[in-house]
Amino acid sequence: MIEPDIDPKLLKPYDPKETEDRIYKMWEESGFFNPDVCIENGIADKNAETFSMVLPPPNVTGTLHLGHAATLTIEDIMVRFARMQGKRTLWIPGTDHAAIATQSKVEKILDKEEGKRKTDLGREEFLKRVEKFAQESHDTIVTQSKKMGASLDWSREAYTLDEERNFAVRTAFKKMYDDGLIYRGHRIVNWDPKGQTVISDDEIVYEERKAKMYTFRYSKDFPISISTTRPETKVGDTAVAVHPEDPRYKDYIGKTYTIEDFCGVKLEIKIVADNSVEKDFGTGALGVTPAHSQIDAEIAFRHNLPTKQVINEFAKMTVGDERILNKKTTEARTIIVEWLKNEELLENEVEVDQNISTAERTGGIIEPLPKLQWFINVNKKIADRDDKTLKELMLDAVRGGGINIIPDRFEKVYYNWIENLRDWCISRQIWYGHRIPVWYKGEEIYCGVEAPTGEGWDQDPDTLDTWFSSGLWTFSTLGWPDLNAPDFKTYHPTNMLETGYDILFFWIARMILMSTYILGEVPFKNVYLHGLVRDAQGRKMSKSLGNSLDPLELTGKYGTDAVRMSLIIGTGPGNDTKMSEDKIRAYKNYANKLWNITRFVLSSTEFIKYNDDFKDYTERESTLIEERDALIKEITKEMEEYKFYLVSEKIYQYTWSRFADVIIEESKDIFLNGTETDKNSRAQFLLNTLTKILKNLHPFMPFVTEEIWSLMPISNKKLLIVESWPKSTSL
RNA sequence: GCGCGAUUAGCUCAGUUGGUAGAGCAACCCGUUUACACCGGGAAGGUCGUAGGUUCGAGUCCUACAUCGCGCACCA
């Protein structure tokens, strides 16, 4: 049955290796990833509806993992669908400098390979190393993204730390500074002794551990016992707080006790009454350490208590005699507990579960310290924004319906986060990042987009939290601060922000903050949150478990289309996806099935000339078309509702179980025994339906569909990537 | 402590406004003069986490509870 003039390619199984790079190159050369080119070529009307989206910029800390592959796939599906609908479609690529993450990665490499620390190199030389590393990571990321088939407009690629973005950052900072939203303050901050920097509340990861809670008195004649899991901080206590209504301690309120020798340290302890103390917790009395606890600092503020720092940036003791001075906090703890025992001051010790704060990036145990840092005030009323605070702006953006979050249960999570939000600490004591645009000269302070003129100005040595620049991403990539930049005018607010739910607070919330404040408009109209990619047993993929799958290895083995399908099918928004090689294999087979379907269809319909407008279908084909078009209608609606997991499965189902197993099978009989009319009708139908399958499937499996498309006997073909999404209006 | 999610065939998941359960993978049987063995045909497999409730009717709605996972808060 196979005619000799069919493309010989089709005689062999589908070979993604031979196909994918060639196809991607063809797309790139066409320029169709760029909406301007699409308009020039009449693919999108110059006034067509827009669809714009930024790619969540991957951190330049190495290579892409399956989570990135999932992001790229979901977004590429959205983008290809929009493009096929004739929209002016823009998808912006970029990478994130990821300040702390990148710097600590390079520090590790430097230590491992050369046994050096960053201070051995100095700021300038160290930064060169980081930049080199970042560049290499960037190149890998770009190659991998292309391998996934992502139809990103590379001509608009951006970096969170490049010139344009730096200018945007300085402009945004200056505006916030002038509006009094950015301030410098002496506060208890989260200090990471390992990374030697401050971090924000959101960069803390809690780890549950067993700890000992000790109950003791400062001295024999001190009237109240207190409990703590950190006895070493007690050398910094300046008060004991009790509940005002607690009859046990009422008589002591207001008195001050001097403890001459607490393991070599003299203490002045005042008894204060504070409503924040719970009577029923522990002894009902709380030793107040204003310098090393956020809550204690608040109590100290209310009662005007002195603050006494006893721990430094290296988590070592700064007071006491040789027993504890310069000792690590953990060593000092043991020593003080021993001392309490010897002095018979320790009343009991109990094992408790404790959540310990660690730094997300370095794993260091957080040491609360009083430090002078830069903050964003989230509770200050902003005159330009109807006297709303940043918190209120962020709340209103979602509550008012300007931003729609999918799945919507995350809206609650978002509200909850905002309600608990405190001022955002934005300064970091690391070298890699945007330098704070503030200069000092003696008592003078200057904030500006450019450095001040004149002699003797020193720039603040700190850099900004990486999320500060990420927060500007939807508009800093579109030409802002130039409000007349064509991209900014055309594509902002963006239509969609698609990312993993794990960075809802880190990133999405910050973009909403920046955009509603700076521009007075939302950064995006829709948020689509996908889940984590897990292994077949549902475990998180990690190097230590040895269960992580490398996307490049998988695409090499099974083809990109198969990997994409397996990342989509069975994955609703907000739910985690389980990945296994078995699953990918199934879709590799599917790509090949499609290939063989094509082989049959092309070779058995060579006797006709394909006519896209063919009308003389027999009864049988008319029924089949009705069925097919009902499906197209259904999946088009689901595409618009972002239900890609349903669409991909339905197309799979139709092509395999219906088109191949039933329709093609019965076609064999028709071509053998049918009338000329029957044969014609069937041949036209097969070709017509195959073209529709290819179009519907293209966003999901772009490579194999584009390759087959090139073999189709259709006149006036464009590349499939810019063909029109099928309308279900035929007949 | 507050909140969220999950619980449906061995595994992964669908199940739209309530009408007595579906798909893929795996396993089982049969089949290669066939577009495709990266295949076809067939059969098998579920008291829908538990207990109540609403309803003519519940996998679907309501209430408890259980197990797992997650977020936030607390963490003296």
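Here is how names work: the chains are called A, B, and so on, in the same order as the sequence lines, proteins then strands, and each is numbered from 1.
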How many Å lie between [atom1] on [X] and [atom2] on [N], as a whole number?
| X | N | atom1 | atom2 | value |
| --- | --- | --- | --- | --- |
| A:I708 | B:rA35 | CD1 | P | 17 Å |
| A:R585 | B:rA26 | CZ | P | 8 Å |
| A:K583 | B:rA23 | NZ | P | 18 Å |
| A:L504 | B:rC4 | CG | P | 16 Å |
| A:I597 | B:rC38 | CD1 | P | 16 Å |
| A:N420 | B:rC2 | CG | P | 15 Å |
| A:I418 | B:rC72 | CD1 | C1' | 14 Å |
| A:F600 | B:rA35 | CZ | P | 7 Å |

Does the side chain of A:N696 come under 3.5 Å of the side chain of A:Y654 through a donor N or O and an acceptor N or O?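 Short answer, no.
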Closest listed nucleotide, where the reference is the side chain of A:N416 and the choices are B:rC72, B:rG24, B:rC36: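 Ranking B:rC72, B:rG24, B:rC36 by closest atom to the A:N416 side chain puts B:rC72 first.
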Which one, B:rG24, B:rA35, B:rC38, comes nearest to the side chain of A:R599? B:rA35
Can you tell me how far [atom1] in [N] sits from the matching atom in [M], rounded to whole Å?
| N | M | atom1 | value |
| --- | --- | --- | --- |
| B:rC38 | B:rU32 | C1' | 15 Å |
| B:rG41 | B:rG46 | C1' | 24 Å |
| B:rU54 | B:rU17 | P | 24 Å |
| B:rA43 | B:rA27 | C1' | 13 Å |
| B:rG40 | B:rC25 | P | 9 Å |
| B:rG59 | B:rU7 | C1' | 12 Å |
| B:rG22 | B:rA37 | C1' | 27 Å |
| B:rA26 | B:rG53 | P | 43 Å |

Would one find a side-chain N or O of [X] under 4.0 angstrom from OP1 or OP2 of [N]?
| X | N | value |
| --- | --- | --- |
| A:W656 | B:rG40 | yes |
| A:N589 | B:rC39 | yes |
| A:R409 | B:rC4 | no |

Set of salt bridge (charged side-chain N to carboxylate O under 4.0 Å, His left out) partners for A:D237, sequence neighbours left out: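 So A:D237 forms a salt bridge (charged side-chain N to carboxylate O under 4.0 Å, His left out) with A:K234.
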List in chain and number order the residues that pass salt bridge (charged side-chain N to carboxylate O under 4.0 Å, His left out) with A:K412, two or more places apart in sequence or in another chain; answer none if no residue qualifies.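 Testing A:K412 for salt bridge (charged side-chain N to carboxylate O under 4.0 Å, His left out), a comparison that skips the adjacent residues, returns none.
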What class does the angle between the rings of A:F222 and A:Y218 fall in, given that below 30° is parallel, 30 to 60° is tilted and above 60° is perpendicular?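 Perpendicular, since the angle between the ring planes exceeds 60°.
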Parallel, tilted or perpendicular: which describes the rings of A:Y590 and A:Y587, with under 30° parallel and over 60° perpendicular?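 If you compare the ring of A:Y590 with that of A:Y587, the planes turn out perpendicular.
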Donor-acceptor list for residues 351-360 of chain A side chains, cut-off 3.5 Å, not counting sequence neighbours:
| unit_1 | atom_1 | unit_2 | atom_2 | d |
| --- | --- | --- | --- | --- |
| A:D353 | OD1 | A:K210 | NZ | 2.7 |
| A:Q354 | OE1 | A:T229 | OG1 | 2.9 |
| A:T358 | OG1 | A:V205 | O | 2.9 |

Taking every non-hydrogen atom, the tightest pair across A:I608 and A:N680: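 Distance-wise, the nearest heavy atoms are CG2-OD1, 2.8 Å.
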Can you give me the closest heavy-atom contact between A:I23 and A:E707, atom names plus distance? CD1-OE1, 3.6 Å
Protein-nucleotides 74-76 of chain B N/O pairs under 3.5 Å:
| unit_1 | atom_1 | unit_2 | atom_2 | d |
| --- | --- | --- | --- | --- |
| B:rC74 | N4 | A:N355 | ND2 | 2.3 |
| B:rC75 | O2 | A:N355 | N | 3.0 |
| B:rC75 | O2 | A:N355 | O | 3.4 |
| B:rC75 | N3 | A:N355 | O | 3.3 |
| B:rA76 | OP2 | A:T229 | OG1 | 3.4 |
| B:rA76 | O3' | A:S227 | O | 3.0 |
| B:rA76 | O3' | A:T228 | N | 3.2 |
| B:rA76 | O2' | A:S227 | N | 3.4 |
| B:rA76 | O2' | A:S227 | O | 2.2 |
| B:rA76 | N1 | A:E278 | N | 3.3 |

Listing time: all N or O pairs from protein to nucleotides 13-16 of chain B that are below 3.5 Å?
| unit_1 | atom_1 | unit_2 | atom_2 | d |
| --- | --- | --- | --- | --- |
| B:rC13 | OP1 | A:K578 | NZ | 2.7 |
| B:rC13 | OP2 | A:K578 | NZ | 3.4 |

In chain order, what residues pass the side-chain hydrogen bond (donor to acceptor under 3.5 Å, both in side chains) check against [X], with sequence neighbours excluded?
| X | answer |
| --- | --- |
| A:S219 | A:D221 |
| A:N348 | A:T215 |
| A:T689 | A:R628 |

In dot-bracket, 5' to 3', how would RNA chain B read with Watson-Crick or G-U wobble pairs under 3.5 Å, [ ] for crossing ones and | for pairs to another strand? (((((((..((((.....[..))))..((((.......))))......(((((..]....))))))))))))....
What about A:K593, does its side chain sit under 3.5 Å from the base of B:rC36 through a donor-acceptor pair? yes
Between [X] and [Y], is there a donor-acceptor pair closer than 3.5 Å when you use the side chain of the first and the backbone of the second?
| X | Y | result |
| --- | --- | --- |
| A:E232 | A:M317 | no |
| A:R682 | A:I663 | yes |
| A:T73 | A:A69 | yes |

Mind checking if A:D296 touches a base, just sugar-phosphate, or nothing, with heavy atoms under 4.0 Å? nothing
Look at all strands and tell whether A:Q653 reaches a base, only sugar-phosphate, or nothing, counting heavy atoms closer than 4.0 Å.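 Sugar-phosphate contact only - A:Q653 comes under 4.0 Å of backbone atoms but never of a base.
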Partner set under ring pair (Phe, Tyr, Trp, His ring centres under 6.0 Å) for A:Y642, not counting sequence neighbours: none
Select from A:I664 and A:Y652 the residue whose nearest nucleotide in RNA chain B is closer to the 5' end of that strand. A:Y652
Please list every donor-acceptor pair under 3.5 Å in which a side-chain atom of residues 559-570 of chain A meets a protein atom from a residue at least two apart or in another chain.
| unit_1 | atom_1 | unit_2 | atom_2 | d |
| --- | --- | --- | --- | --- |
| A:T560 | OG1 | A:E20 | OE1 | 2.8 |
| A:T560 | OG1 | A:K147 | O | 3.0 |
| A:D561 | OD1 | A:F703 | N | 3.1 |
| A:D561 | OD2 | A:V704 | N | 2.7 |
| A:R564 | NE | A:F700 | O | 3.0 |
| A:R564 | NH1 | A:D76 | OD2 | 2.9 |
| A:R564 | NH1 | A:M148 | O | 2.9 |
| A:R564 | NH2 | A:D76 | OD2 | 3.0 |
| A:R564 | NH2 | A:P699 | O | 2.7 |
| A:S566 | OG | A:A562 | O | 3.3 |
| A:S566 | OG | A:V563 | O | 2.8 |

I'd like a table of atom pairs between the protein and nucleotides 42-46 of chain B - only N or O on both sides, under 3.5 Å - with the distance next to each one.
none

